[in-house]
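The structure appears below as structure tokens.
Atoms within each ligand, like the ligands themselves, are counted from 1 in listed order.
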Amino acid sequence: MLVLGIETTCDETAAAVVEKPDARAGKILSNVVLSQVNEHAAFGGVVPEIAARAHVEALDMIIERAIAEAQCSFASLDGVAAAAGPGLIGGVIVGLTTAKAIALVLEKPLIAVNHLEAHALTARLTDATPFPYCLFLASGGHTQIVAVLGVGDYVRLGTTLDDAIGEAFDKTAKLLGLGYPGGPQVEKEAIGGNPARFPLPRPMIGRAHADFSLSGLKTALRLEAERIAPLSDHDVRDLCASFQQSVVDVVADRLRNGLKLFRERHGKPTALVAAGGVAANEAIRKVLHRVAFEAGTVLVVPPAELCTDNGAMIAWAGAERLALGLTDTLDTPPHARWPLQKVRGVAARRSSVDADASTVIQGGA
Ligand code: KG4
Ligand code: ZN
């Protein structure tokens, strides 16, 4: 089964062609990603209008390249998938409308993929990870612990009540004048710093649930920076190291609880799976290994280029859904918000009813 996947929910214009064999890991035939990071760098974050315009300008060419690099033709595709949200609505409209046009012309099925679902299923593309597994999704827009029980069957065990982890890294970098995106810069500075110099808080540690809160940490860091200003290079390194250590401690504590909730509700997970840009952080990866080991499971982390936003994950989620007959009509709407629990699935009809009845908490973007 051959599927084209299109991703435009944030600041990456991406397209890929993925092949899905039966019950095995997938094969990526092409994976083209154009980052808009230079367009947004001057603003210290993603500007939605600039993002949408940049997607319009680049998407046709990116899709053409994805088809050429895969050495296939539009006619040989079995389906066309696009991220239909959650995300910046202008960008989502660009990608979804393009996918609809291609599907209409080719008379092939359209698959409207939830971006978070695509992150959730990437471990099956790379490692054929069987259900059920525990997902830790941490990027610039989302921070969630999710029980992945089947395609379209997701139960959220924890989420952030305010900032996403990547967002906290980005804001820390901005405060310290380190540029955008902040995560890699903060990690680089932290290497030479003293993580014990600043007594920053560890929000939520010790609480029984698996939720996160990061805005207090961000504020505490700002107050420390203001207290000792002007900052030397040495101070910046120590602030980064102290911040990162606090995040690492929080992640470990929250995930221990998340895995405990998973076992109580769903039995033993086949793996702890990490996804999202934050999973590229070495200190965080190290603690994830430890937490997975303590819980008697293994850690699966897809390669960095598949942890961050890309078209292959959309194509793969599209292929998984297509294989189950979960296709979408051409009037499918784009979504700015789209919690994972609202995703339609075969086994998930029960859980989507549950989700409707319970409080819907934000799914992230
Ligand atoms: O998944 P992603 O590429 O895009 C979305 O936000 O959906 O994640 C980007 C986020 C940014 O906030 C970035 O600062 C963070 O992931 N990030 C990192 C690292 N690399 C990227 N955070 C901490 N350490 C890193 N090495
Ligand atoms: Zn993402």
Side-chain angles (χ1 to χ4, degrees), residues 5-14 16 31 33-37 40-41 43-46 48 51 82-88 91-92 95 113-122 135-144 146 160 163-176 178-191 193 212 214 217-218 240-241 243-248 250-251 273-288 301-314 316-317 335-338 340 363-365:
I6 297 171
E7 160 60 37
T8 55
T9 62
C10 193
D11 59 346
E12 260 100 27
T13 312
N31 191 20
V33 181
L34 178 69
S35 170
Q36 303 175 355
V37 73
H40 301 289
F43 304 96
V46 180
L88 301 172
V92 176
V113 169
N114 178 299
H115 177 94
L116 304 177
E117 174 176 42
H119 277 303
L121 297 176
T122 302
L135 171 77
F136 173 52
L137 173 58
S139 68
H142 19 86
T143 296
Q144 299 193 11
V146 180
T160 178
D163 292 349
I165 297 181
E167 188 181 357
F169 269 94
D170 292 338
K171 287 177 176 171
T172 295
K174 195 172 180 182
L175 175 82
L176 300 175
L178 296 175
Y180 172 84
Q185 317 275 356
V186 171
E187 180 175 19
K188 209 166 86 198
E189 294 290 328
I191 290 168
F212 293 77
L214 292 143
L217 172 58
K218 179 190 67 191
C240 286
F243 167 81
Q244 184 172 276
Q245 188 57 49
S246 177
V247 174
V248 163
V250 167
V251 165
V273 170
V278 176
N281 184 292
E282 277 303 323
I284 291 176
R285 272 180 191 237
K286 224 186 211 163
V287 83
L288 294 180
V301 191
E305 69 273 19
L306 297 175
C307 276
T308 55
D309 291 350
N310 65 85
M313 70 177 190
I314 306 297
W316 174 258
H335 306 274
R337 295 186 61 217
W338 188 4
L340 256 182

Next item on the list: Indicate yes or no: does an N/O atom of Glu12 lie under 3.5 Å from an N/O atom of ligand 1?
Entry: no
Next item on the list: Check Gln244, Gln185, Lys218 against Phe169 for a side chain to side chain contact (heavy atoms under 4.5 Å, CB included) and give me the one that passes.
Entry: Gln244
Next item on the list: Consider every N or O of Phe169 and every N or O of ligand 1, then say whether any pair is closer than 3.5 Å.
Entry: no
Next item on the list: Before signing off on this row, confirm whether Thr308 and ligand 1 have an N or O atom pair separated by under 3.5 Å.
Entry: no
Notebook entry, point to check: Where do Ile165 and Thr160 land on the side chain to side chain contact (heavy atoms under 4.5 Å, CB included) test, with the steps shown first?
Noted result: CA-CA 8 Å; Ile165 297 181; Thr160 178; over 6 Å; no
Checklist line | Per-atom contacts, ligand 1 versus Asp170 - under 4.0 Å to a heavy atom | finding: 11 (C), 12 (O), 13 (C), 14 (O)
Check: If you check every N/O/S atom of His115, which is the one nearest the Zn ion (ligand 2)?
Finding: NE2
Check: Does Pro181, backbone or side chain, put an N or O under 3.5 Å from an N or O of ligand 1?
Finding: no
Margin query: If we only consider heavy atoms of Gly141, is any one of them less than 4.0 Å away from an atom in ligand 1?
Written below: yes
Next item on the list: Using a strict 4.0 Å threshold on nitrogen-to-oxygen distance, state whether Glu282 and Lys286 make a salt bridge.
Entry: no
Margin query: Side chains of Thr122 and His119: any donor to acceptor distance under 3.5 Å?
Written below: no
Next item on the list: Say whether Gly277, considering both its backbone and side-chain N or O atoms, lies within less than 3.5 Å of an N or O atom on ligand 1.
Entry: yes
Next item on the list: Would you check if the side chain of Asp170 reaches a backbone N or O of Gly182 as a donor-acceptor pair within less than 3.5 Å?
Entry: yes
Checklist line | Name, closest N/O/S atom of Asp309 to the Zn ion (ligand 2) | finding: OD1
Checklist line | Region of Asp309 that comes within reach of ligand 1 [heavy atoms, distance under 4.0 Å] | finding: both
Note to self: I'd like to know if the Zn ion (ligand 2) has an N/O/S atom from His119 within less than 2.8 Å of it, counting both backbone and side-chain atoms.
What the structure shows: yes
Check: Going by distance only, is there an N or O of Asn281 that falls short of 3.5 Å from an N or O of ligand 1?
Finding: yes
Item checked: Any Val113 side-chain heavy atom under 4.5 Å of Trp316 side chain -> no
Check: Counting each atom of ligand 1 from 1 as listed, which ones have a heavy atom of Glu187 under 4.0 Å away?
Finding: 25 (C), 26 (N)
Notebook entry, point to check: Which ligand 1 atoms does Gly140 reach within 4.0 Å, using its non-hydrogen atoms?
Noted result: 5 (C), 6 (O), 8 (O), 9 (C), 10 (C), 12 (O)
Item checked: For Phe136, ring-ring contact (aromatic ring centres under 6.0 Å, His included) partners two or more places apart -> none
Check: Does a donor on one side chain and an acceptor on the other come within less than 3.5 Å for Asp309 and His115?
Finding: yes
Notebook entry, point to check: So do the side chains of Leu121 and Met313 get within less than 4.5 Å of each other, counting heavy atoms only?
Noted result: no
